[in-house]
Amino acid sequence: MGRILLIGGVGAGKTSLKQMLMNEAVNYRKTQMLNFSQTFIDCPGEYLEIPRYYHVLIDASHQVTEIWALQDATKQRTFYPPKFSKVFNKPVIGVITKTDLPKSSLEQAMSYLTYAGIKEPFYPISIITGEGIEPLRQRLEGLNER
Ligand SMILES: Nc1nc2c(ncn2[C@@H]2O[C@H](COP(=O)(O)OP(=O)(O)OP(=O)(O)O)[C@@H](O)[C@H]2O)c(=O)[nH]1
Ligand SMILES: [Mg+2]
């Protein structure tokens, strides 16, 4: 059974993506603590934004098959330090969220993920239009078949 660690800044869309892929109702509630399910480990965005919590992400990564690093396409800043993905001893894939919003920039988000040491292909998604959800669903199923 594959399991995924979701990382990204506050409000990046980690919980929404998880709810969508688990076929749960997507409703907003700030994540307050590490949340374990069979398929996902979801965490508060603060664990990426505040460096003294990095160790929590690194510990959690030992319990997953791969890490999905989210970048909000509407954000003019990144919380990923250079080459951050290299601290994990697991594959890290880049997911670009909120592509439906007018002020989103795919290029900007791609450059932030690249800066974090993550390789293409990236996965652009919108939980509003459903764009990009299917490829991630397939990726998840692929992990579960391993
Ligand atoms: N327009 C749009 N809004 C989105 C999308 N994904 C998430 N949101 C909204 O962004 C807000 C934050 O989403 P969450 O999924 O709670 O973000 P999170 O990364 O879990 O945030 P924390 O738990 O605080 O770390 C919510 O109001 C979501 O509805 C998207 O693809 N498009
Ligand atoms: Mg959350």
Side-chain angles (χ1 to χ4, degrees), residues 1-85 87-88 90-141 143:
M1 187 78 190
R3 198 197 232 174
I4 288 156
L5 171 64
L6 297 168
I7 65 170
V10 171
K14 300 176 292 296
T15 305
S16 305
L17 174 60
K18 180 192 79 172
Q19 288 168 334
M20 192 114 182
L21 289 173
M22 303 285 283
N23 301 314
E24 294 169 1
V26 178
N27 51 42
Y28 175 65
R29 181 183 286 173
K30 165 111 197 60
T31 308
Q32 304 284 4
M33 56 175 84
L34 219 51
N35 177 287
F36 289 78
S37 68
Q38 202 177 32
T39 314
F40 289 101
I41 302 178
D42 186 15
C43 63
E46 286 83 352
Y47 288 7
L48 178 68
E49 296 190 5
I50 305 171
R52 72 184 143 86
Y53 289 118
Y54 287 167
H55 70 97
V56 181
L57 298 180
I58 294 164
D59 283 352
S61 74
H62 298 138
Q63 304 182 53
V64 301
T65 325
E66 66 180 21
I67 296 145
W68 292 4
L70 276 63
Q71 172 64 45
D72 181 336
T74 68
K75 279 272 163 6
Q76 293 301 314
R77 65 164 300 182
T78 176
F79 290 103
Y80 296 107
K83 305 229 166 28
F84 187 64
S85 65
V87 308
F88 300 107
K90 296 282 165 71
V92 180
I93 70 158
V95 176
I96 300 169
T97 62
K98 310 194 187 182
T99 58
D100 57 284
L101 292 174
K103 64 168 183 173
S104 69
S105 166
L106 211 54
E107 268 174 38
Q108 177 74 270
M110 288 172 72
S111 75
Y112 289 146
L113 291 172
T114 304
Y115 178 76
I118 304 166
K119 297 267 181 302
E120 294 188 46
F122 299 135
Y123 292 77
I125 66 161
S126 164
I127 59 152
I128 304 298
T129 66
E131 184 215 348
I133 299 298
E134 210 39 51
L136 285 178
R137 198 181 287 284
Q138 279 166 20
R139 189 173 180 95
L140 188 58
E141 280 165 14
L143 289 184

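When a ligand or atom number is given, it counts from 1 through the structure's own listing order. The residues of the chain are indexed from 1 along the displayed sequence.
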query = Checking Thr39 side chain against Arg3 main chain: does a donor-acceptor pair fall under 3.5 Å?
reply =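 Judged by distance alone, no pair lies under 3.5 Å.
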task = Look at the side chain of Arg137 and the backbone N and O of Gly132, then say whether any donor-acceptor pair between them is shorter than 3.5 Å.
result = no
Check [X] against ligand 1 and report side chain, backbone, both or neither, counting heavy atoms closer than 4.0 Å.
| X | answer |
| --- | --- |
| Asp100 | side chain |
| Ser16 | both |
| Leu101 | side chain |

ask   = Is Glu46 salt-bridged to Lys30, going by a charged N under 4.0 Å from an acidic O?
value =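 Yes, charged N to carboxylate O under 4.0 Å.
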Separation of [Y] [atom2] from [X] [atom1] (nearest 0.5 Å):
| X | Y | atom1 | atom2 | result |
| --- | --- | --- | --- | --- |
| Asn27 | Gln19 | CG | CD | 5.0 Å |
| Met110 | Ser105 | CE | OG | 10.0 Å |
| Ile127 | Lys18 | CD1 | NZ | 13.0 Å |
| Leu113 | Ile118 | CG | CD1 | 5.0 Å |

request  = Would you indicate whether Glu107, at its atom CD, is surrounded by more than 12 heavy atoms from other residues, nucleotides or ligands within a distance under 6.0 Å?
outcome  =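 Incorrect, the count does not exceed 12.
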message = Would you say that more than 12 heavy atoms from the other residues, nucleotides or ligands in this model lie under 6.0 Å from the NZ of Lys83, or not?
response = no
Pairs of nitrogen or oxygen atoms closer than 3.5 Å, one from [X] and one from ligand 1: do any exist?
| X | result |
| --- | --- |
| Asp42 | no |
| Gly13 | yes |
| Val10 | no |
| Leu17 | no |

Which residue and non-hydrogen atom of the protein lie closest to [atom], and at what distance in Å?
| atom | result |
| --- | --- |
| atom 8 (N) of ligand 1 | Lys98 CE, 3.8 Å |
| atom 25 (O) of ligand 1 | Gly45 N, 2.7 Å |
| atom 26 (C) of ligand 1 | Tyr28 CD1, 3.6 Å |
| atom 5 (C) of ligand 1 | Ile127 CG1, 3.3 Å |

With heavy atoms of [X] as the reference, note each atom of ligand 1 found under 4.0 Å away.
| X | value |
| --- | --- |
| Ile128 | 1 (N), 2 (C), 32 (N) |
| Pro44 | 25 (O) |
| Thr31 | 20 (O), 23 (O) |

message = Is there a side-chain contact between Thr65 and Ile4 in this structure, where contact means two heavy atoms from C-beta onward sitting under 4.5 Å apart?
response =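 Side-chain contact under 4.5 Å: no.
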Heavy-atom check, side chain of Met22 versus side chain of Phe40, under 4.5 Å =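 Yes, side chains in contact.
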query = Of Lys30, Lys14, Lys18, which has the heavy atom at the shortest distance from atom 18 (P) of ligand 1?
reply = Lys14
Heavy-atom nearest option to atom 21 (O) of ligand 1, drawn from Gly8, Pro102, Gly11 =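 Minimum heavy-atom distance to atom 21 (O) of ligand 1 goes to Gly11.
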inquiry  = So, at under 2.8 Å, which protein N, O or S atoms would a careful student list around the Mg ion (ligand 2)?
reply    = Thr15 OG1, Thr31 OG1
ask   = What residue among Tyr115, Tyr54, Tyr112, Phe79 forms ring pair (Phe, Tyr, Trp, His ring centres under 6.0 Å) with Phe84?
value = Tyr54
key: Least distance between heavy atoms, Leu5 atom then Ala60 atom   =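 Taking Leu5 first and Ala60 second, the nearest heavy atoms are CD1-CB, 4.0 Å.
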request  = Show the numbers, then the answer: is there a side-chain contact (heavy atoms from CB on, under 4.5 Å) between Val10 and Glu49?
outcome  = CA-CA 8 Å; Val10 171; Glu49 296 190 5; 3.5 Å; yes
